[in-house]
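To start, the structure under review is shown below, and the notes come after it.
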Amino acid sequence: MRGAVALAVLATLAACGPFASTPTRPTPSPSSSARVRTTPLPLDQVPPDVAQQWGDLGATIVPPTGFLQHIDLKAEVINHSGGKVDDATARKWAEALEREFRWDSWAVLNQQDMLLNQLGAADGFTQNAVFKEDYGYVHHAREAKGVLSGSDASRPRMVLVPVSADVGRSLTGFGYPSPIPEWAFVATVRGPATVVLTPQTGTPERLVDVPASFTEAVFIAGEFRTYESTLGEIWSLHTYLSCPGNDFVRAACAL
């Protein structure tokens, strides 16, 4: 359901190459995990503790030190929690959602499909509903022995909303497992966005081609989660639903 519209979320990585990194502030430490790396490396080329941390997530490539730990969030963040969540926490969660999108991008571009399992609820139904297209891109790239590249849609507005009991019942009715998260973001997604597969031989293929005129609201139920030594703070996805395309979330999206 994340789909061709949302799109593989190929954040700023596309403009800077799939291994672009966020500047880091190295901190001296006797631990091998604190050694600063500026390029991604296979597991067998990093210290054992680092290799184990990332290997446990299903990754076979370790990103640069500090990669995506700092998010300069440009989106407008609106808190419609009714006072149950303070504004600072709402923004922190929005930053975690943006980080999740960018990790998704890194996973897809680097063909680390197992890493996608960490970015959302672990059950098979949710993984298929939220990440089916992402897994498809990775599969096509492997079949073609090719490389994925692309450009991201923008997300200029994120609104924190409660997940109502009615929406929760509808989600479980569709097959999403309980418990349904208490909170969701209604995010505005705007084009353009692309995902391009360049095969080892042959002509590049556009798997996604969203025009600049495109805009849509999406309902992203999830929960805040922290991976201290690897992914950092992310908004673990439980849904990625088009607001106009799903009647039961339309009221929550009409803000």
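Not measured: the values here are computed from a predicted model.
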- prompt: What distance separates Asp56 CG from Thr230 OG1, expressed to the nearest 0.5 Å?
  reply: 9.0 Å

message: One pair to check against side chain to side chain contact (heavy atoms under 4.5 Å, CB included): Arg102 and Ile71. What are the steps and the verdict?
response: CA-CA 10 Å; Arg102 298 190 189 189; Ile71 296 294; 4.1 Å; yes

- request: For the pair Tyr137 (side chain) and Val196 (backbone), establish whether a donor and an acceptor sit closer than 3.5 Å, ignoring hydrogens and angles.
  value: no

field: Steps toward side chain to side chain contact (heavy atoms under 4.5 Å, CB included) verdict (Ile78, Arg157)
entry: CA-CA 8 Å; Ile78 300 173; Arg157 190 170 186 259; 3.2 Å; yes

field: 4.5 Å side-chain heavy-atom contact, Val85 and Trp93
entry: yes

- request: To the nearest 0.5 Å, tell me how far Arg155 CZ sits from Lys74 NZ.
  value: 14.0 Å

- request: Check whether any side-chain heavy atom of Leu241 sits under 4.5 Å from a side-chain heavy atom of Val218, and report yes or no.
  value: no

task: Apply the test side chain to side chain contact (heavy atoms under 4.5 Å, CB included) to residues His238 and Glu223: give CA-CA distance (whole Å), side-chain angles for both, the deciding distance (0.1 Å), then the verdict.
output: CA-CA 8 Å; His238 286 243; Glu223 58 184 330; 3.1 Å; yes

statement: Distance col, row Arg190:CZ vs Thr215:OG1, nearest 0.5 angstrom, shows 5.0 Å

query: So do the side chains of Pro64 and Pro40 get within less than 4.5 Å of each other, counting heavy atoms only?
result: yes

- prompt: Do the non-hydrogen side-chain atoms of Asn117 and Leu57 ever get within less than 4.5 Å of each other?
  reply: no

query: Which heavy-atom pair separates Ala75 from Arg91 by the least distance, and what is that distance?
result: O-NH1, 3.9 Å

- prompt: When you check the side-chain N and O atoms of Gln127 and Tyr135, is any donor under 3.5 Å from an acceptor?
  reply: yes

message: Which heavy atom of Pro199 sits nearest to which heavy atom of Pro204, and what is that distance?
response: CD-CA, 3.9 Å

Heavy-atom closest contact (Val249 atom, Cys243 atom, distance): CG2-CA, 4.1 Å

Short side-chain donor-acceptor distance under 3.5 Å, Glu216 and Ser242: yes

statement: Note: Ala193 and Ala153 closest approach over all heavy atoms is CB-N, 3.6 Å

task: Indicate, with yes or no, if Val147 and Leu115 share a hydrophobic cluster defined by side-chain heavy-atom contacts under 4.5 Å among Ile, Leu, Val, Met, Phe, Trp and Tyr.
output: no

message: What's the separation between atom CG in Asn128 and atom CD in Glu133, rounded to the nearest 0.5 Å?
response: 8.5 Å

N/O donor-acceptor pairs under 3.5 Å from side chains in residues 163-173, not counting sequence neighbours:
{"from": "Ser164", "atom 1": "OG", "to": "Val167", "atom 2": "N", "distance (Å)": "3.1"}
{"from": "Asp166", "atom 1": "OD1", "to": "Arg169", "atom 2": "NH2", "distance (Å)": "2.3"}
{"from": "Ser170", "atom 1": "OG", "to": "Asp166", "atom 2": "O", "distance (Å)": "3.1"}
{"from": "Thr172", "atom 1": "OG1", "to": "Gly168", "atom 2": "O", "distance (Å)": "3.3"}
{"from": "Thr172", "atom 1": "OG1", "to": "Arg169", "atom 2": "O", "distance (Å)": "2.9"}

Given Leu231, Leu68, Ile234, the one that forms side-chain contact (heavy atoms from CB on, under 4.5 Å) with Glu100: Ile234

field: From Leu237 atom CG to Leu116 atom CG, the distance as rounded to the nearest 0.5 Å
entry: 10.5 Å

query: Within a strict 4.5 Å, meaning less than it, do heavy atoms of the Phe224 and Glu233 side chains meet?
result: yes

message: Does Val210 form a side chain to side chain contact (heavy atoms under 4.5 Å, CB included) with Thr194? I'd like the steps, not just the answer.
response: CA-CA 6 Å; Val210 176; Thr194 60; over 6 Å; no

- request: For atom CD of Gln45, decide whether the heavy atoms of other residues, nucleotides or ligands shown that lie under 6.0 angstrom number more than 12.
  value: yes

query: For the rings on Trp235 and Phe185, is their centre-to-centre separation under 6.0 Å?
result: yes

message: Tell me whether the rings of Phe67 and Trp103 are parallel (<30°), tilted (30 to 60°) or perpendicular (>60°).
response: perpendicular

Leu160 side, atom CG; Ile220 side, atom CD1 - distance, nearest 0.5 Å: 11.5 Å

- prompt: Do the rings of Trp54 and Trp106 sit parallel, tilted or perpendicular, given the 30° and 60° boundaries?
  reply: tilted

- prompt: Side-chain heavy atoms under 4.5 angstrom apart, residues restricted to Ile, Leu, Val, Met, Phe, Trp, Tyr: same cluster for Leu43 and Ile61?
  reply: yes

- request: Using a 4.5 Å cut-off on heavy atoms from C-beta on, say whether the side chain of Pro177 contacts that of Thr126.
  value: yes

message: Quick test of your reading of the model: are Glu95 and Arg99 salt-bridged, counting only N-O distances below 4.0 Å?
response: no

